[in-house]
Number of protein chains: 2
Amino acid sequence: METTKTVREQIIDHAITLMMLRGYNGFSYRDLSELVGVKTSSIHYYFPSKDDLVLEAVHAYTQEVQGAVQTIDAALPAEGKLAKFAKMFGRTLGEGDQICLCGMLAADIETLPEPVRLAVQGFFKANENWLAEVFAEGGRDGTLPTSAKPEQAARAFFAALQGAGLTSRLFRAKGRLEEVEASFKLSK
Amino acid sequence: METTKTVREQIIDHAITLMMLRGYNGFSYRDLSELVGVKTSSIHYYFPSKDDLVLEAVHAYTQEVQGAVQTIDAALPAEGKLAKFAKMFGRTLGEGDQICLCGMLAADIETLPEPVRLAVQGFFKANENWLAEVFAEGGRDGTLPTSAKPEQAARAFFAALQGAGLTSRLFRAKGRLEEVEASFKLSK
DNA sequence: GTCTATAGTCTGATAGAC
DNA sequence: GTCTATCAGACTATAGAC
């Protein structure tokens, strides 16, 4: 099994982990240098500026998450899909001290350049679109409360998950994520 | 009218504004120095360390928000209280480029000392407790969907508001906050 | 590609005069 | 209380040898 990761991949992986923990302004090239085992100047070789690095990190993270979402069985009832999605979202939170990369960057957004904002928007749109399909389907098959606007329900649900990720970590109480799913299920 | 603010009050006010914009790791004593018009060493006179400043900022912010919440008419039906609360929360977002101070600090929490975590937790608890009362009341008076657990509904609703604050700013679309309230109203 | 060395800037924080 | 002056350390980033 050839699982050796390139230095470039290691940098991105650790950058993602660090940002999910401390945010964009809370980690440095030096932190990465120590984790990856190369000098900071070598990191600049791959990513000339920190902004370049974040942008690539967001792209990699989006692809990774979307890949996982696509594995959710299409034959499942809508209610089941929603449950799986929520559970998956909870699992990205590591040992409980990390939040979604794009939720974190949304908090840091006013210190980031426009291309990063667009990339983070892209992450939200992709997830919201997938969820809107599920809510629409749930309305049809009767496993979810009928909503006039599936897109609206999707945005509210995803926002609630992001907020719950924040408070789960704040209170060190993982259960807060499950409450969100329950709230949207009993609904309507 | 004697509305002159002390230097100390100005520092806290600007610190709150800056953190709601850029987060804890995105502002400096120098920024404050320029806004308030005193040297950074003078700021250190009032707040020896940055952590001291954040802690006082959270206390001041909590008091301010809770004060506003308490002005919501107790005679209003639960549904109306929820609407007022959501609208108030939206108004704290300034020109649209700020988010709730404690939502922001929840994102930065892993870079902050324990006393700040406790203070931020206090802010969330206070708001969630108030909302739990409203949800319980709404179940009784029939203006809100009956929930087995008003506390759970309160936490999910507040998390959704925090998440919507994040995405409203990300997309520069204020409307996302209103969607949350609508989602919880049609519910159940 | 990775390194050493370093530039240039910003950071939080302190000492001490007034 | 506010200032000047300064510290030690961190930061992103670059030049150039190997």
Side-chain angles (χ1 to χ4, degrees), chain A residues 2 4-58 104-105 107-117, chain B residues 2 4-58 101 104-105 107-117 119:
Chain A
E2 188 62 61
T4 313
K5 279 188 180 157
T6 66
V7 169
R8 187 192 176 82
E9 285 166 340
Q10 288 181 62
I11 294 170
I12 292 189
D13 283 358
H14 280 114
I16 290 176
T17 304
L18 281 173
M19 281 190 281
M20 288 173 73
L21 186 68
R22 295 187 227 142
Y24 177 77
N25 298 301
F27 88 102
S28 69
Y29 271 51
R30 192 192 235 189
D31 295 326
L32 285 174
S33 165
E34 285 162 10
L35 285 168
V36 178
V38 297
K39 298 295 172 179
T40 61
S41 51
S42 300
I43 303 177
H44 278 288
Y45 168 77
Y46 294 102
F47 307 99
S49 84
K50 208 181 170 187
D51 291 341
D52 296 324
L53 173 53
V54 197
L55 193 57
E56 285 216 39
V58 174
M104 179 62 91
L105 294 181
D108 294 335
I109 204 68
E110 298 296 325
T111 68
L112 291 165
E114 196 63 17
V116 176
R117 185 189 289 257
Chain B
E2 188 63 61
T4 314
K5 278 187 180 160
T6 66
V7 169
R8 186 191 177 82
E9 285 165 340
Q10 289 181 63
I11 294 170
I12 292 190
D13 283 357
H14 280 114
I16 291 176
T17 304
L18 281 173
M19 282 190 281
M20 289 173 73
L21 187 67
R22 296 188 224 142
Y24 176 78
N25 297 300
F27 88 102
S28 70
Y29 272 51
R30 193 193 234 188
D31 295 326
L32 285 173
S33 165
E34 285 163 10
L35 286 168
V36 178
V38 298
K39 298 295 172 181
T40 61
S41 52
S42 299
I43 304 178
H44 278 288
Y45 168 79
Y46 293 101
F47 307 98
S49 82
K50 207 181 171 186
D51 291 341
D52 297 324
L53 174 53
V54 195
L55 193 57
E56 285 217 38
V58 174
L101 175 66
M104 179 62 91
L105 294 181
D108 294 335
I109 203 70
E110 297 296 325
T111 68
L112 291 165
E114 197 61 18
V116 176
R117 184 189 292 258

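Because the structure is predicted, anything quoted here is derived from the model rather than measured. Values below: every heavy atom of this structure, side chains too, minus hydrogens, waters and symmetry copies.
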Item checked: Intermediate values then yes/no, side chain to side chain contact (heavy atoms under 4.5 Å, CB included), Leu18(B) and Leu35(B) -> CA-CA 10 Å; Leu18(B) 281 173; Leu35(B) 286 168; 3.8 Å; yes

Notebook entry, point to check: Given atom CG of Leu32(A) and atom P of dT2(C), what is their separation to the nearest angstrom?
Noted result: 14 Å

Next item on the list: Could you tell me whether the side chains of Ser49(B) and Asp52(B) share a donor-acceptor contact shorter than 3.5 Å?
Entry: yes

Check: Tell me the ring pair (Phe, Tyr, Trp, His ring centres under 6.0 Å) pairs involving residues 20-45 of chain A, sequence neighbours left out?
Finding: Tyr29(A)-His44(A)

Check: Is there a salt bridge (Lys or Arg N to Asp or Glu O under 4.0 Å) between Glu34(B) and Lys39(B) once you walk through the steps?
Finding: CA-CA 8 Å; Glu34(B) 285 163 10; Lys39(B) 298 295 172 181; over 6 Å; no

Next item on the list: Identify the heavy atoms of Ala119(B) and Val58(B) that sit nearest to each other, and give their distance.
Entry: CB-CG1, 3.7 Å

Margin query: Can you build the contact string for nucleotides 7-18 of chain D? Use B for base contact, S for sugar-phosphate-only contact, and - for no protein heavy atom under 4.0 Å.
Written below: ---SSSBBB---

Check: Lys39(A) side chain: which of dT4(C), dT2(C), dT2(D) is closest?
Finding: dT4(C)

